[in-house]
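A quick write-up on the structure given underneath.
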Amino acid sequence: MLIFENGATGRSAAAQTASSTQVDTHSIPDALLRKQPPALAEVSELQVVRHYTRLSRKNFSIDTHFYPLGSCTMKYNPRGAHKAASLPGFAGLHPLTPARHSQGFLACLFDLQEILREVTGMAAVSLAPMAGAQGEFAGIAMIRAYHLARNDLERNEIIVPTAAHGTNPATATMCGYKVREIPVLADGDVDVEALREAVGPKTAGLMLTNPSTCGVFERKILEIARIVHEAGGLLYYDGANLNAILGKVRPGDMGFDVMHMNLHKTFATPHGGGGPGSGPVAVNERLAPYLPTPLVKKTEAGYAWVTEQELPGSIGPMSAFAGNAGIMLRAYAYALMLGREGMPRVAEFATLNANYLAKRLVDAGYRLAYPERRASHEFIVTLSREAKEWGTTAMDFAKRLLDFGYHAPTTYFPLLVPECFLIEPTETETREELDGFIEAMARIREEAAEKPDWVKSAPYTMPVSRLDDVKAARELDLRYQK
Amino acid sequence: MLIFENGATGRSAAAQTASSTQVDTHSIPDALLRKQPPALAEVSELQVVRHYTRLSRKNFSIDTHFYPLGSCTMKYNPRGAHKAASLPGFAGLHPLTPARHSQGFLACLFDLQEILREVTGMAAVSLAPMAGAQGEFAGIAMIRAYHLARNDLERNEIIVPTAAHGTNPATATMCGYKVREIPVLADGDVDVEALREAVGPKTAGLMLTNPSTCGVFERKILEIARIVHEAGGLLYYDGANLNAILGKVRPGDMGFDVMHMNLHKTFATPHGGGGPGSGPVAVNERLAPYLPTPLVKKTEAGYAWVTEQELPGSIGPMSAFAGNAGIMLRAYAYALMLGREGMPRVAEFATLNANYLAKRLVDAGYRLAYPERRASHEFIVTLSREAKEWGTTAMDFAKRLLDFGYHAPTTYFPLLVPECFLIEPTETETREELDGFIEAMARIREEAAEKPDWVKSAPYTMPVSRLDDVKAARELDLRYQK
Amino acid sequence: MSFIPHTPEDVRQMLGELDIQSIDALFDEVPPELLVRDLPGLAPAMNEMEMLQHMGDRAAANFNGLCFMGAGAYEHHIPSAVWDIAARGEFMTAYTPYQAEASQGTLQLVYEYQSMMTALMGMDVSNASLYDGASALAEAVLMAVRGNRKDKTRRILVAGTLNPRYLRATRAIVEPQGITLETLPASDSLCLANISKYEKQASEGFCALVIPMPNFFGQIEDVHGLTDWAHRHQALVIGVVNPVAVNLLVPPGQWGQTGADIAVGDGQPLGLPLASGGPYFGFMCCRQALVRQMPGRLIGKTVDSEGREGYALTLQAREQHIRRAKATSNICTNQGLAVTAATIHMALMGASGLQSVAQSCFAGAHQLSQQLESLPDVERLGGAAYFHEFVIRLPVAPEKVIDEMVSRGILPGYDLGEFFPDLGNALLVCVTEMRSPADIAQYVTALSETLKNLEGAQSC
Amino acid sequence: MSFIPHTPEDVRQMLGELDIQSIDALFDEVPPELLVRDLPGLAPAMNEMEMLQHMGDRAAANFNGLCFMGAGAYEHHIPSAVWDIAARGEFMTAYTPYQAEASQGTLQLVYEYQSMMTALMGMDVSNASLYDGASALAEAVLMAVRGNRKDKTRRILVAGTLNPRYLRATRAIVEPQGITLETLPASDSLCLANISKYEKQASEGFCALVIPMPNFFGQIEDVHGLTDWAHRHQALVIGVVNPVAVNLLVPPGQWGQTGADIAVGDGQPLGLPLASGGPYFGFMCCRQALVRQMPGRLIGKTVDSEGREGYALTLQAREQHIRRAKATSNICTNQGLAVTAATIHMALMGASGLQSVAQSCFAGAHQLSQQLESLPDVERLGGAAYFHEFVIRLPVAPEKVIDEMVSRGILPGYDLGEFFPDLGNALLVCVTEMRSPADIAQYVTALSETLKNLEGAQSC
Ligand SMILES: Cc1ncc(COP(=O)(O)O)c(C=O)c1O
Ligand SMILES: Cc1ncc(COP(=O)(O)O)c(C=O)c1O
């Protein structure tokens with residue numbers, strides 16, 4: 001039942017309505033006044049509370065379920081970080097409060113910039129981008145600004161491996177670049193020969209994530225960096241997988257010129273059912289002049305915003321204010337709690353969990369896409385055999401997992417592996433939880449063999465069974481109408 | 001699975017542990033030191049969050065379900081009141097902070113005292129008692145103190161109607177009184193003749209709630225008051241049902257000498273799965289000298305605690321500090337939001353909902369215990385016919401209701417009505433919600449007629465089916481042991 | 001406002017169904033002279049915003065600095081997850097779990113609470129909570145009277161080092177039943193003296209002995225000696241225990257040869273904010289033999305009709321809603337939500353976390369007290385070991401010191417003059433893990449300056 | 001700390017299963033020279049208590065008084081229920097609802113959000129959110145370029161009264177695609193001038209016109225005239241709308257003869273705290289004809305295999321994860337939780353609540369501006385009607401006034417000198433329903449005293 005269907009004309013959450021004083025609005029021309037109130041729900045406060053409380057219960061979430069969604073780093077989101085960001089001194093602060101009256105907030109941003117600099121091995125950080133994709137945009141826009149500044153005007157291509165996340169090519173397009181794809185080899189590494197052939201005077205840069213979305217560490221990364229740099233291109237690091245190497249390996253050391261981070265992944269801020277995130281960018285010295293504003297600096301007189309005048313090459317701001325401030329505060333709080341020793345432990349245990357899970361799934365009969373490789377913090381299972389033999393696809397396995405109380409791994413990404421599951425357990429899950437998942441996977445495989453139709457019609461225990469996506473797209477219904 | 005069963009030796013929510021400095025405790029004699037750590041759960045922070053989040057989802061609650069539990073006033077608990085009480089200036093305040101440094105808090109208590117005075121029609125209020133039962137204790141202790149002060153030493157009986165809540169007789173006993181029960185007539189009113197016979201020189205007082213737990217207004221209340229007073233006894237009002245008459249009828253006007261209120265009922269503070277509550281007492285002039293401490297007064301110099309010296313007759317404090325302060329703050333916030341016009345509306349709409357529900361259930365074939373009477377804010381359905389004809393008891397109906405997504409009404413209370421449902425919808429539920437409940441009740445009645453065994457084995461959709469209470473009591477298992 | 005969802009159309013239809021013209025008709029059984037016309041003493045309704053602004057102003061009018069006050073309520077760190085989860089609607093807005101099938105969340109949680117509490121106290125049984133520490137002691141006394149079949153005196157001996165507020169409340173609650181409380185005076189060490197001192201009082205017989213641990217002055221009593229002494233006199237032992245201290249100190253189940261019989265206390269230090277005094281909760285544990293004398297709710301583990309594990313209220317025959325006048329107590333509503341928070345708190349802290357808290361408290365208190373002792377004219381009272389509270393004697397009235405320190409953002413402690421004027425200018429000071437070394441240094445500086453100012457003023 | 005649950009025994013067993021000796025072995029594919037030994041720039045771990053104390057100190061170092069600043073972010077009352085529910089783990093810690101069956105909560109909620117947003121704006125379609133108002137405008141510009149098939153210029157005309165921060169961000173985002181933004185200068189009235197003034201700029205052709213409502217100075221533009229003008233030039237109209245103001249002002253769907261084509265803005269006033277600038281969310285609505293050009297997620301209603309209603313992501317072929325380089329935008333993660341809060345907020349406020357908020361804002365702003373105009377040397381700029389913000393010219397530099405007022409607990413407004421130095425000592429002042437008559441009076445007093453002090457100081 002929709003909230004609107006709970007409504008009745010004239011009903012309201014009266015405690016939320018201002019004491020009704022008739023206001024004289026005659027200074028506004030009549031034609032510019034609203035004539036009909038919007039058709040919002042007319043409901044009581046209890047109805048609202050009950051409706052959305054009940055709705056929330058139809059979601060899987062970290063707080064309720066193991067959620068091994070590859071590439072998404074669904075780990076524990078510390079409640080303490082949420083509380084810190086919710087302190088009235090932050091939650092009530094207007095973003096345009098002059099810096100001299102918001103020193104506490106600026107200090108946090110500055111410290112976070114420094115922490116991110118340290119863990120990425122880069123020269124400078126801007127927190128401006130509001131999610132990973134915007135971080136990518138900022139990064140590629142900086143590459144563009146760099147080439148333009150050097151009057152290197154022919155470079156109109158961004159190279160991306162076929163395994164790349166969709167945001168990579170989409171970003172390149174948004175920055176006015178053409179996308180050139182290069183293949184990934186059977187062992188999960190980028191095809192270095194293809195790269196060699198692809199690079200040239202048109203190459204603006206290469207976008208790469210390492211470990212890649214194939215769940216393996218790009219072993220030839222130093223060679224790749226050399227190839228791209230020698231061709232005059234720059235190297236972009238998609239930091240979505242930073243959790244795999246946090247405190248163990250640094251993108252700056254691998255030769256990347258620019259990167260973004262997903263604070264909502266590596267730095268454990270909640271995903272919020274789709275957002276918000278935060279996608280800070282880090283750059284080496286070369287690209288520092290182009291960083292997006294705002295930036296915080298530390299001066300004798302205190303913390304201050306870096307002005308546009310100080311950074312004339314900046315690609316500009318990405319939002320009206322300073323980005324998703326509250327997410328930065330949460331990430332900062334999390335980083336404080338990890339500390340120097342805690343950072344590498346993240347990567348270590350994320351990797352341990354992934355490798356353990358991969359090994360045990362193989363024991364249970366599953367096939368890895370890259371069986372010869374170490375898993376990074378995630379790995380790919382391919383269900384093509386199961387699909388061929390029993391007709392049970394990755395989608396079917398995914399839906400059936402829901403019935404066992406586990407969120408499905410990422411399916412059908414990266415696209416190059418058929419019928420794939422990209423599985424990322426994260427470091428905050430216990431071995432017992434992994435064992436439970438393994439057992440469920442084993443059971444489902446048995447079911448698929450014995451009664452494939454049962455698996456193909458799953459799920460059975462969710463609020464709805466499989467939804468008709470075709471109807472959703474064909475008979476577009478995007479809003480409630482009475 | 002119990003939280004302990006999630007544990008593993010050496011696991012912990014490390015972010016909650018203080019930086020381990022070895023502390024020198026040699027000043028404490030070795031024999032007085034703890035040798036073995038307690039066997040608490042050893043779990044991670046995510047495990048705790050997930051475990052208790054999941055557990056919470058096994059509860060019915062106001063925020064998720066219609067909860068027409070008679071005598072309990074399960075109405076909407078405003079989130080704003082919760083927020084007000086959680087403000088750092090209240091949540092962080094030490095209870096022994098000198099009054100001159102906690103004026104804001106004292107002002108709230110004083111104002112609440114005044115509001116409660118006004119709505120009860122009494123002369124003075126103490127907020128000290130921590131729930132209804134403790135309010136009853138305070139009230140009866142004041143009656144006792146009153147008689148003792150007058151050297152009226154023979155009065156050792158408290159009269160209670162058979163319909164009274166269990167806390168009434170239990171309280172009388174705790175105050176050292178004998179309990180004398182008087183019957184309730186077929187029309188739901190107290191048997192005034194029996195009362196007349198019962199009263200006498202041994203009568204310390206009568207405990208009554210009006211509207212009674214039979215869900216009807218005690219029509220002869222003025223006569224009852226006269227009878228008790230003439231016999232030298234005092235009249236205690238059990239305020240659990242105040243919601244029925246809030247702002248419409250005042251216990252003080254009815255002739256009661258002393259009463260308690262359940263702030264967690266009438267004043268909408270959350271029940272918390274069993275508590276906390278708050279049970280302020282209100283008294284007329286006669287009993288004011290005996291009020292429990294602490295009390296707040298307003299002076300020229302500000303708000304202050306009334307000292308023991310000022311109130312030498314006080315029955316004393318009921319707790320270490322000032323009672324359930326946070327509940328008082330919530331109730332005060334709620335009272336502010338109701339205001340002068342809002343108070344009587346509570347009683348009016350609680351009564352409207354109850355009468356509507358009663359009428360429609362009768363239409364659906366149910367039988368009221370007091371069919372000739374107006375319902376107050378609650379009413380009794382008796383299922384004795386259903387039990388006799390089909391073998392389906394009130395318990396069976398209650399369990400089956402859960403499957404329909406409705407919490408069961410209070411069952412088997414008051415004890416004098418066989419197979420009873422005491423139903424209290426409260427004023428914050430919509431007509432649509434009531435209609436849904438009525439429909440479910442109608443369906444269940446059909447089921448009971450057609451397939452009684454189905455109803456007798458309900459519920460089917462809860463985390464557990466009916467529990468073995470006998471085993472629970474016989475093979476007592478009150479704690480986890482490895 | 002009243003949070004009422006009825007539209008005029010709803011009302012019209014509902015009145016129609018009832019065949020009446022107005023809601024007032026529903027009150028026609030009330031004697032008309034009783035109907036109230038208006039409540040002139042009440043103000044018009046505020047909306048939520050106005051209410052919160054008003055409450056915000058009120059909250060801001062309270063002391064809001066560094067707290068070094070204990071005396072029965074202690075400021076500990078509460079992990080953020082505790083109240084985030086306890087305040088979920090499903091916990092916060094449920095009733096007492098009478099319908100077990102629809103309340104397994106609360107029921108299992110309380111079973112876990114009982115398990116944790118017994119582990120902490122080293123006892124056999126825990127109930128599901130009582131109102132607060134003081135009223136829990138009153139219930140313990142009533143329980144001891146019921147439980148000690150060998151005693152006819154209804155006399156309870158109470159350590160004079162018990163929190164005086166506990167004594168007052170207990171007296172108020174148990175005296176109507178003819179029970180007497182008698183205190184054993186403390187020695188100069190701010191602890192009970194050697195047992196031999198109390199033989200006279202014991203010789204008349206007594207039902208139970210109440211022992212605080214640590215006591216009101218923060219001092220650690222000889223619980224072993226006292227327990228064995230009481231047991232020798234065929235009396236029961238009631239321990240009044242701080243649930244954080246017990247992570248460092250011997251738990252009541254291990255006092256003396258056979259342990260205390262009942263342990264009570266206030267659960268506030270386990271995840272409850274100071275909150276102006278509540279809600280907190282009283283915990284109560286006992287030996288197995290006393291379980292049927294327990295007041296309050298008990299949750300038991302059992303199975304459902306399909307053999308699955310489940311939880312339910314049990315031994316309800318002790319309770320008022322079944323046993324009425326013969327119940328073990330009149331308690332009905334308890335402190336459920338506070339227990340919910342405490343359970344989550346204990347799960348998050350674990351034994352190692354609670355132990356480290358206890359150690360920090362101990363260390364911080366000793367740091368501060370040592371520094372204070374070195375101030376001129378400041379003296380520490382009490383001879384025994386202490387946990388996280390201690391008593392200092394000031395050269396001037398504590399009231400003045402408090403006011404001056406408060407103006408410097410510090411609430412320096414509890415003025416013992418209220419109950420113990422004989423101690424002379426005594427202040428009870430508390431340090432928890434929340435007070436950093438910098439806070440402690442700030443206290444020392446503020447106090448020494450304050451004393452200089454005040455003594456200067458006096459000598460003029 | 002790292003929130004890692006592994007015990008030494010777990011690690012031992014897991015390594016055993018993998019047949020390796022240490023976790024480091026798992027990193028043996030990494031070129032050894034890349035392995036980091038230490039991160040000396042980082043501090044040791046804090047526990048949660050220490051972190052919260054540190055953050056508490058930082059939070060306390062920010063301005064914390066009465067806020068009269070708007071300029072794109074507005075302090076409104078947020079009903080307490082909003083974040084209590086939005087912060088439930090099930091909403092807060094879920095991912096994007098890719099697995100529809102396990103995400104019906106979020107999916108239905110966003111469908112409701114889309115319904116509310118379209119109702120509020122009078123438009124056909126709403127997406128599920130973009131990052132913020134400014135970046136939403138950038139996406140709207142890109143969408144207009146895709147959607148206006150008749151235009152080849154890639155020129156966008158932008159009202160010079162638009163929030164300059166929106167203009168900057170939009171420029172940064174759209175310029176790499178060769179789109180140019182040109183501003184139509186404002187008249188002295190702080191509104192756009194009569195259309196005729198801009199015919200020259202229009203004559204070269206343009207793709208879309210961006211109209212703010214109210215504009216950055218709080219003034220109400222002639223949206224009807226501007227919309228029809230743009231449409232006459234075959235350009236699309238992009239409205240940049242305040243979602244609270246639109247409860248009083250004509251919604252973009254009803255601008256001119258046929259309504260705006262795209263409406264965007266920042267959803268912050270709908271239940272999001274100021275929060276130092278975010279997370280807020282950008283909303284975007286459009287006409288039905290443009291739906292396939294929409295960036296961002298869309299939730300559609302459909303049925304499951306048993307015919308039950310359900311909700312799912314739809315038209316995903318527009319999005320990067322399907323369409324990759326040809327997607328309508330690169331956006332992936334959006335501002336889901338902010339939308340969750342806004343949806344609950346709108347449900348609680350309802351049309352009547354939002355309207356009363358808009359009215360209070362309007363009334364309060366007019367009250368304050370009238371009182372300020374009567375101060376000597378204070379002048380209000382701008383000729384048109386205004387909503388809840390207005391511009392005053394001060395006799396001294398706003399910076400000094402701000403500092404002085406802040407020391408009196410008031411943030412008096414936004415210094416327009418940053419972007420509009422020509423306006424000369426201009427301050428943009430905002431009043432929402434949160435500012436009571438007493439607050440307004442306090443402002444007036446503080447400002448008049450401040451000016452006296454500063455002018456006195458200057459004249460010395
Ligand atoms: C590999 C990769 N790159 C980029 C992104 C985009 O990040 P965001 O969703 O924060 O825009 C994601 C997120 O899903 C990702 O997994
Ligand atoms: C009629 C009646 N009296 C007294 C009480 C006792 O109140 P409390 O539970 O707050 O102690 C109740 C509560 O259940 C009740 O319904």
Side-chain angles (χ1 to χ4, degrees), chain A residues 13 17-18 23 27-28 37-39 48 55-56 58-63 80 84 87 89 91 93 95 101 104 118 130-131 133 166 169-171 175-176 179 270-277 316 319-321 324-325 336 339-340 342 345 348-349 356 430-431 462 464-465 467 472 477 479-480, chain D residues 2 4-5 10 14 23 41-42 45 48 51 55 58-59 61-63 89-90 92-96 101-102 104-106 115 119-120 131-132 134 165 172 176 273 276-279 300-302 304-305 310 312 314 320-321 324-325 327 330 333-337 347-348 351 353 356 359 363 385:
Chain A
T17 305
V23 170
S27 63
I28 305 175
V48 174
L55 267 194
S56 77
K58 297 186 174 178
N59 274 359
F60 276 37
S61 68
I62 284 292
D63 279 9
L87 288 166
L93 184 67
H101 305 303
E118 176 84 5
M130 304 186 83
T171 296
C175 286
V179 175
H271 284 87
S319 66
F321 304 109
N324 278 332
L336 291 177
R340 185 167 171 175
R345 284 172 54 85
E348 287 165 6
F349 286 87
Y356 173 79
T430 58
R431 187 176 53 75
M462 297 294 107
V464 291
S465 62
L467 292 165
D477 177 349
R479 64 173 160 142
Y480 169 77
Chain D
S2 309
I4 290 168
D10 288 334
M14 293 169 83
I23 294 179
L42 300 186
E48 190 192 289
M51 180 278 288
M55 294 298 274
R58 288 269 168 98
N62 297 323
F63 171 77
E90 293 94 327
M92 192 157 77
T93 73
Y95 201 75
T96 302
E101 299 85 353
Q104 284 296 302
T106 289
S115 307
L120 208 54
Y131 302 129
D132 80 330
R165 289 168 188 278
S276 326
K301 186 169 176 173
T302 183
D304 75 359
S305 55
T314 194
Q320 47 73 28
H321 62 282
R324 301 177 70 85
N330 71 342
T333 290
N334 61 16
Q335 305 284 113
L337 193 66
L348 276 170
S356 84
Q359 287 179 338

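Chain letters run A, B, ... following the sequence lines, proteins first and then strands; every chain starts at 1.
Panel note: side chain Asp304(D), backbone Val464(A); no donor-acceptor pair is recorded below 3.5 Å. With hydrogens and angles disregarded, a donor-acceptor distance shorter than 3.5 Å links the side chain of Asn62(D) to the backbone of Gly104(A). Between the side chain of Glu101(D) and the backbone N or O of Met462(A), no donor-acceptor pair lies under 3.5 Å.
For the atom pair CG (Leu467(A)) and CD (Gln104(D)), the distance works out to 5.5 Å, reported to the nearest 0.5 Å. Taken to the nearest 0.5 Å, the NZ atom of Lys301(D) stands 8.5 Å off from the OH atom of Tyr480(A). Distance check: Tyr356(A) OH to Asp10(D) CG gives 9.0 Å after rounding to the nearest 0.5 Å. Put simply, OG1 on Thr333(D) and NE2 on His271(A) are 6.0 Å apart, with the number rounded to the nearest 0.5 Å. Between the CE atom of Met92(D) and the CG atom of Asp63(A) there is a distance of 7.0 Å, given to the nearest 0.5 Å.
Among the candidates Gly339(A), Gly316(A), Ala39(A), the residue making the largest number of heavy-atom pairs closer than 4.5 Å to chain D is Gly339(A). With chain A as the partner, the residue from Ala347(D), Gly41(D), Pro5(D), Ala134(D) showing the most heavy-atom pairs under 4.5 Å is Pro5(D). Each of Ala170(A), Pro169(A), Gly274(A), Gly166(A) has some count of heavy-atom pairs under 4.5 Å with chain D, and the biggest count is that of Gly274(A). Annotation: maximal heavy-atom pairing with chain A below 4.5 Å, among Ala363(D), Ala312(D), Gly336(D), occurs at Gly336(D). Ranked by heavy-atom pairs under 4.5 Å with chain A, the first of Gly310(D), Ala325(D), Ala172(D), Gly300(D) is Ala325(D). Of the listed residues (Ser276(D), Pro273(D), Ala327(D), Gly353(D)), the one with the most heavy-atom contacts under 4.5 Å to chain A is Ser276(D). Ranked by heavy-atom pairs under 4.5 Å with chain D, the first of Ser27(A), Pro95(A), Pro270(A) is Pro95(A). Interface remark: of the candidates Ala385(D), Gly105(D), Ala61(D), Gly105(D) forms the most heavy-atom pairs closer than 4.5 Å to chain A. Counting heavy-atom pairs closer than 4.5 Å to chain D, the top residue among Gly89(A), Gly275(A), Ala131(A) is Gly275(A). In terms of heavy-atom pairs under 4.5 angstrom with chain D, the leader among Cys175(A), Gly176(A), Pro38(A), Ala84(A) is Pro38(A). Ranked by non-hydrogen atom pairs under 4.5 Å with chain D, the options Ile62(A), Thr430(A), Asp477(A) are led by Asp477(A).
Contacts of Val179(A) with chain D are made by side-chain atoms alone, with heavy-atom separations under 4.5 Å and no backbone atom involved. If you measure heavy-atom distances from Leu87(A) to chain D, the contacts under 4.5 Å come from the side chain alone.
When all heavy atoms of Arg165(D) and Ala320(A) are compared, the pair lying nearest together is CD-O, 3.2 Å. Considering every non-hydrogen atom in both Ala94(D) and Phe60(A), the closest pair reads CB-O, 3.3 Å. Residues Arg479(A) and Ser115(D) come closest through the heavy atom pair CA-OG, 3.3 Å. Scanning both residues, Ala13(A) and Leu348(D), for their nearest heavy atoms gives CB-O, 3.2 Å. Summarising the geometry of Gly273(A) relative to Thr106(D), their closest heavy-atom pair is O-CG2, 3.7 Å, with the distance given to 0.1 Å. The nearest pair of heavy atoms linking Gly342(A) to Ser2(D) is O-OG, 2.7 Å.
The closest side-chain heavy-atom distance from Leu337(D) to Pro276(A) is below 4.5 Å. Between Gln335(D) and Asn324(A) the shortest side-chain heavy-atom distance falls below 4.5 Å.
Defined by atom type and a distance below 3.5 Å, a donor-acceptor pair is present between the side-chain atoms of Ser465(A) and Ser305(D).
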*What's the verdict on side-chain contact (heavy atoms from CB on, under 4.5 Å) for Phe349(A) and Ile23(D), showing C-alpha distance, side-chain angles and the deciding distance?*
CA-CA 8 Å; Phe349(A) 286 87; Ile23(D) 294 179; 3.8 Å; yes

